[in-house]
Amino acid sequence: MVKELKFLTSLWKTNLAAAMEYRVAFISQSIGMILNDGVYFLIWIIFFDRFKDIRGWQLTDMFMVFGISAGAYGLSGMLFGNAFNLADIIVNGRLDYYLSLPRPTLLHVLASQASPSGFGDFLYGFISYFASGQFSPDGFGRFILGLILATVVFVSFLVIVQSLTFWLGTGGALTGIAINAMVTFALYPITLFNNTAKLILFIVVPAAFMGAVPAGFVRSFSWSSIGLMILAAAGFLALALLLFQLGLRRYESGSAIQVEV
Amino acid sequence: MQQFTRRKRGGARTKKYLAIFKINLLNSLAYPAEVATRSGMILIFMAVFFQLWQVTFSASGSQVLNGLTLHDTMWYLLLAETLELGRPRLARLISQQVKDGSIAYLLNKPYDFLLYQLASGLGESLPRMGILFILGGTLVWSMAGAPPALQNWPLAMIALVGAWLLHFCVNGLIGLAAFVAEEVAPFEWIYQKLVFILGGMLIPLDFYPSWLQTVAKSLPFAYMMYGPARLFVRSDMQLFVQILAGQVLWLAIIGGLLGLAFARGMRRLAINGG
């Protein structure tokens, strides 16, 4: 475990060093993403200025949901950037490189790339949390915990969806839909949806764990919320690991010569 | 005789771009299942929008908000989403061509680079927009009711062409920015979000405070999204003339800038063998 953690740390250090090689691109993408998120949030400011309340949800709730969702999306991109490209890696036979090395394959693949714009999303998450006007030291602690658990659920969900590529043979379109579904549902007030839709948002597309549930937990501590989040993170992570391992048995190398930089 | 030769040359030129359009159209249709799966995103968006606006209309206790019903709002959003998801991601493509040098392979061919992008982008975009509209329209029909009256369609379609061309010009400008900027993705993200807000893509401009409506309508974004979507749900000749005039004006300005940017970019371009 310690060995894998050291390995992960050195991968992240390498990614950071690689990003710093193209400092201007890194900074412009990070700042661009913060602006992008901020401009996007204006929609909700305009909406709540006109309609005030959606079944008990107000603008401050949206700040909190954006804080968790953008932060978790950014953290996933920063630490496990290849979670967004796993389907392409499988389809193009690029797993060969990782399989030939004596390290946990999934961990190695996921952490081998960092998205520079992820840093912008991550920072925006904090900006949105502070802008919600609900800062408190213990609330901030809950925000960090919620962010980490939401990241685990999101990355696990991406791995689950893209592991289907082992069986389907293609997965690019499905990945796009999965990412869009998670982000779209996570960024809208959960009170909009009826019970069936809510059940889907907890089990099939676990967007509730990337938005509403952690946001509620940040607002006020409850054992049921933290229990539910830990259960979801553990469950989705276990399913992701299982599906990826089962899928690997079906993986066929294309014997293509690849260069991983 | 001279006039005849010129007309003949003009015809050949049109044929060339028509052929490029046709090739890209067929290319897009080669994998219909893949296109349909990718287009499935519109179902998610429309389902969420319906929930949001149904709750909002019901909470307001009114059938009509700022001149739009729930039915109007949903069909408005469908057309806006169709345009947004169906337009080609030209900025990314052109900037990649500039950065990796593959632009050189397009420049030495007997066609105009920008017209080539226009024809190929249209060929790629048209089937995608068609599939998006059919998929999303089926869902919206089942949730909010039948499509708007047929008499609204022609004016909306004309405005849709203008909106598509405006998107093309702005995307082309962003793509060509790769001649001077290392990374153009942030420009693209922010442009997209400006269209979301000032174009009225997620909330019809009619619901905005009046000062913001004035600001939005004096910028090009409203003509890229709000114009065709609004005409689709409420046909209004006066609004059509306003939108068309705005589109022509902004096309002249942004199209002119695109031509200038391309000419300047060509002067900066250095191609090294290969």
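Order of the sequence lines fixes the chain letters, A, B, ..., with proteins taken first and strands second; residue numbering starts at 1 for each chain. Computation of the quantities below employed the complete heavy-atom set of this structure, encompassing side-chain atoms and omitting hydrogens, waters and symmetry-equivalent molecules.
- Among Lys52(A), Gln29(A), Arg50(A), the residue with the largest count of heavy-atom pairs under 4.5 Å with chain B is Gln29(A).
- Of the listed residues (Gln192(B), Met201(B), Met41(B)), the one with the most heavy-atom contacts under 4.5 Å to chain A is Met41(B).
- Only the side chain of Phe51(A) comes within contact range of chain B, with at least one heavy atom under 4.5 Å from a heavy atom of that chain.
- The closest donor-acceptor contact from the side chain of Thr214(B) to the backbone of Ser210(B) lies under 3.5 Å.
- Counting heavy atoms from C-beta outward, Phe207(B) and Leu212(B) have side chains that stay 4.5 Å or more apart.
- Per-residue counts of heavy-atom pairs under 4.5 Å with chain B were compared for Leu42(A), Ile43(A), Leu35(A), Leu174(A); the largest is that of Ile43(A).
- With a threshold of 4.5 angstrom between heavy atoms, Phe50(B) does not approach chain A through any atom at all.
- Looking at Thr56(B), the atoms closer than 4.5 Å to chain A (heavy atoms on both sides) all sit in the side chain, from C-beta outward.
- Contact check on Asp88(A) versus Arg94(A) returns no salt bridge, with no Lys/Arg side-chain nitrogen under 4.0 Å from an Asp/Glu carboxylate oxygen.
- In summary, the side chains of Asn15(A) and Gln113(A) do not present any donor paired with an acceptor at a separation below 3.5 Å, with no hydrogens or angles considered.
- Of the two parts of Trp57(A), neither the backbone nor the side chain holds a non-hydrogen atom closer than 4.5 Å to a non-hydrogen atom of chain B.
- For the 3.5 Å distance criterion, the side chains of Tyr76(B) and His71(B) fail to qualify, holding no donor opposite an acceptor.
- Only the side chain of Asp49(A) has a heavy atom closer than 4.5 Å to any heavy atom of chain B.
- Closest non-hydrogen pair, Leu205(B) versus Leu198(B), comes out as CD2-O, 3.8 Å.
- When heavy atoms are compared at a cutoff of 4.5 Å, Tyr188(A) approaches chain B solely by way of its side chain, counted from C-beta outward.
- The candidate from Leu52(B), Ile203(B), Leu202(B) with the greatest count of non-hydrogen atom pairs under 4.5 Å with chain A is Leu52(B).
- In this structure, the ring of Phe84(A) has its center no less than 6.0 angstrom from the ring center of Phe80(A).
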